[in-house]
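Written below as structure tokens is the structure these notes are about.
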Amino acid sequence: MQFTVSLLPNTYRPLSGATIAVTMVTMTASALLAEAKRLLGVDPQAARRLAEQASRAAPSSEAILLLAVARRRCGDSLGALALLTPLAARLPRAWGVHCELGLAQAMIGRIDAANAALAHATTLNPGALLANHALRDLAMIAGVSRIDQRLAATLSSPALQARITGFLRGDAAAQDALRTGFGLDAGDVAAACVIAEVGMAAGLYDAAARVLGAALVNAPGYLPASLRRAEALYRAGEDGPALVEIDRVVAAAPDLVAAIALRAAILMNLAREADAADLLARATRLAPDDARIWQSYGHTLRALGRRDEAVAAYRTAIRLVPAFAEAYWSLADLKTGAITAEDIRDMKRLVSGTEPDAESRSYLHFALGRAHEDRGDHERAFADYLRANALRRLSVSHDADAHDAFIDRTIATFDRPFLDSRKGVGHAARGPIFVLGMPRSGSSLVEQILASHPLVEGASELPDLTAIARAIAQHMPAGLSYPDGLASLPGLDFAALGTDYISRTQRRRHKDRPYFVDKFPGNVLHVGLIHLMLPGARIIDARRDARDCCMSLFSQSFAGGQGYSYDLGDLGRYHAAYVRLMRHFDAVLAGRVLRVEYEMLVDDAEGQTRRLLDHCGLPFDPACLSFFETSRAVRTASSEQVRQPIYRGSVGRWRRFEPWLGPLFAGLQGRSEDDAVTAG
């Protein structure tokens with residue numbers, strides 16, 4: 001359909017061809033050009049038609065450039081090049097023309113020509129945001145790291161970040177400010193890459209993926225955008241779509257190590273660890289001097305139980321980059337004495353120097369703490385753990401008041417009347433088994449026992465329930481929040497949510513077994529939602545002595561998501577809130593959640609295993625008692641422990657550090673005396 005465009009913002013009226021002709025005649029070339037500029041970020045097709053009219057009426061350089069931009073935005077990069085090539089020759093010092101020429105070349109894969117034009121644009125205008133960013137993106141696709149301090153400073157500008165995050169959160173005024181103040185139009189794939197980079201740094205992965213997806217419609221060959229979108233989808237937990245996107249990149253650039261590494265990470269999330277290991281083995285051959293690749297390879301080998309090879313991979317990473325602090329932590333986290341006296345000397349030398357940043361120092365102190373603890377020096381170990389957590393706290397925040405308020409709202413929402421009025425509303429599936437609770441509580445052991453049963457698949461920590469809860473929260477009407485807003489949504493289809501969960505998790509399952517374990521500890525925040533979505537699912541609360549659990553958390557360097565664990569007071573308070581929440585569900589959903597206490601499992605493995613299987617409706621199988629012989633990938637911090645028989649070595653570990661745990665004990669005081677242990 002053809003449109004005429006009024007000079008009022010965003011107002012379109014479909015008119016007949018005759019009316020269009022009359023309207024175009026009555027507009028001057030300058031008016032047509034002005035309106036085409038305004039429409040470029042709103043409706044590039046309409047802008048293209050107006051620019052064509054303007055360039056015919058008065059073929060100025062400005063009109064030709066605008067028409068070329070509109071053609072590229074509409075997906076016609078060849079048509080844009082036909083205009084830009086002679087225009088650039090005629091205007092060698094017009095940086096905007098050369099920037100557009102470079103972008104058009106990049107869209108059709110002429111990378112050398114694109115780099116030349118974009119570099120010329122940045123020579124003419126060193127602050128050109130799109131040109132500089134595109135140059136760095138093209139270098140990334142070529143496997144080259146291009147450091148640009150000016151670009152980094154621009155991307156970290158508070159004003160730019162505020163506009164981008166505002167736009168990604170739906171603020172129309174921020175979108176207009178991006179166009180007028182920074183020349184960024186989300187419909188332009190090059191600008192979408194800038195927006196996505198800043199958005200992902202702010203954790204807005206879903207929104208970044210949407211912006212890139214829309215921009216790629218008219219620029220499907222622009223690999224930097226596909227690579228960024230694959231990463232955004234991966235970060236958002238959308239591993240299926242992420243795999244589809246990254247496969248496009250790998251098909252076009254099969255030797256791009258960054259794409260291979262991302263594809264391997266996605267495959268790990270999809271429980272295809274062996275495939276991921278094969279990919280990373282190839283990546284180490286393509287980039288044998290890339291320490292990060294060796295580190296990732298080590299993680300994959302560890303998940304597969306190939307411990308000696310994992311150690312070798314981590315040591316290769318350290319050999320390549322002697323200050324690679326995270327690799328030292330990876331060795332220490334194997335919990336099998338992999339850290340040597342020489343490693344300790346090297347780490348102490350590093351941490352006393354000026355080279356490591358705060359994050360690297362944190363890894364080193366975590367590793368040193370583990371090494372000192374293994375050697376029985378608990379005072380020195382705790383001092384290192386304390387330093388490690390303080391350093392991590394500099395970049396990871398936790399709002400204890402906000403978390404307590406969330407727990408309060410959850411308890412108030414999922415009361416008996418609310419739950420009773422919604423009985424049987426969910427999906428009838430009986431296959432999911434949720435093992436949840438605090439991290440480091442023995443949940444990996446519970447999963448390993450269940451996954452040793454011939455009817456159960458261990459799916460590890462799945463992000464799908466969290467994604468569903470996040471989607472509910474994002475689509476709440478104004479003024480409502482999750483979970484309390486659920487009471488104001490009488491039409492919410494819990495059965496459809498359950499169906500969505502089953503569909504999402506199916507792609508992560510690779511065995512034809514009727515039951516599967518989702519052992520993501522954070523699902524404890526959504527017990528009420530699980531009950532309503534999947535009333536036939538089994539729920540298991542893996543519980544451990546609070547002091548041992550919290551000490552284990554405090555001595556663990558997490559990849560992310562456990563901000564409360566880096567302060568002893570917050571840690572105790574978080575645990576107390578967890579116990580309070582589960583006490584509530586014990587009351588309103590009596591018998592719905594089975595509590596499995598780690599200490600009881602250690603003392604009576606067979607009795608507790610039979611109790612566990614009975615709760616899940618499973619017949620006893622002796623293989624569950626020989627869980628350490630079960631061959632399966634384990635991607636959690638307990639990967640080494642679950643491959644050996646149950647032992648008591650970690651029971652009462654907190655006592656080694658008792659003199660320094662006062663803040664933790666204070667935080668734990670919210671627990672009642674009928675819990676497994678007291679803080680005294």
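Computed from heavy atoms alone, side chains included, the values below leave out hydrogens, waters and symmetry copies. The structure displayed is predicted, hence computed values, not measured ones.
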Steps toward side-chain hydrogen bond (donor to acceptor under 3.5 Å, both in side chains) verdict (Arg56, Gln53): CA-CA 5 Å; Arg56 283 196 296 269; Gln53 183 76 8; 3.0 Å; yes
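- Between the His398 side chain and the Arg393 main chain, no donor and acceptor come within less than 3.5 Å of each other.
- Among residues two or more places apart in sequence or in another chain, the side-chain hydrogen bond (donor to acceptor under 3.5 Å, both in side chains) test is passed with Asp484 by Arg409, Ser481.
- Inspection of the Gln45 and Arg48 side chains reveals no N or O donor paired with an N or O acceptor under 3.5 Å.
- For the pair Arg71 (side chain) and Gly79 (backbone), a donor-acceptor distance under 3.5 Å is present.
- Checking Ser503 against Asp500 by side-chain atom types alone, no donor-acceptor pair falls below 3.5 Å.
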Tabulate below the donor-acceptor pairs under 3.5 Å that side-chain atoms of residues 103-114 make, not counting sequence neighbours, or state none.
none

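- No salt bridge links Asp278 with Arg282; every basic N to acidic carboxylate O contact stays at or beyond 4.0 Å.
- Side-chain atoms of Gln562 and Tyr564 include a donor-acceptor pair closer than 3.5 Å.
- Ile195 and Leu168 get closest at one heavy-atom pair: CG2-CD2, 3.9 Å.
- The main-chain N or O of Ala358 is never found under 3.5 Å from a side-chain atom of Ser362 such that the two would form a donor-acceptor pair.
- For NE2 of His510, the number of neighbouring non-hydrogen atoms (other residues, nucleotides, ligands) closer than 6.0 Å is greater than 12.
- Contact check on Glu52 versus Arg49 returns no salt bridge, with no Lys/Arg side-chain nitrogen under 4.0 Å from an Asp/Glu carboxylate oxygen.
- Val97 pairs in a side-chain contact (heavy atoms from CB on, under 4.5 Å) with only one of the listed residues (Leu124, Leu83, Leu65, Ile64), which is Leu65.
- Distance alone, capped at 3.5 Å, is enough to place a donor-acceptor pair between the Ser156 side chain and the Ala153 backbone.
- Judged purely by atom type and a 3.5 angstrom limit, Glu273 has no side-chain atom pairing as donor or acceptor with the backbone of Thr300.
- Here the two rings, on Phe520 and His526, have centers that are 6.0 Å apart or farther.
- Using a distance-only test at 3.5 Å, with no hydrogens or angles considered, no donor-acceptor pair links the side chain of His133 to the main chain of Leu129.
- For residues 219-233, every residue pair satisfying the salt bridge (Lys or Arg N to Asp or Glu O under 4.0 Å) rule, not counting sequence neighbours, is listed here: Asp137-Arg228, Glu197-Arg228, Arg229-Glu245, Glu231-Arg235.
- Other residues, nucleotides and ligands place no more than 12 heavy atoms under 6.0 Å from the CZ atom of Arg163.
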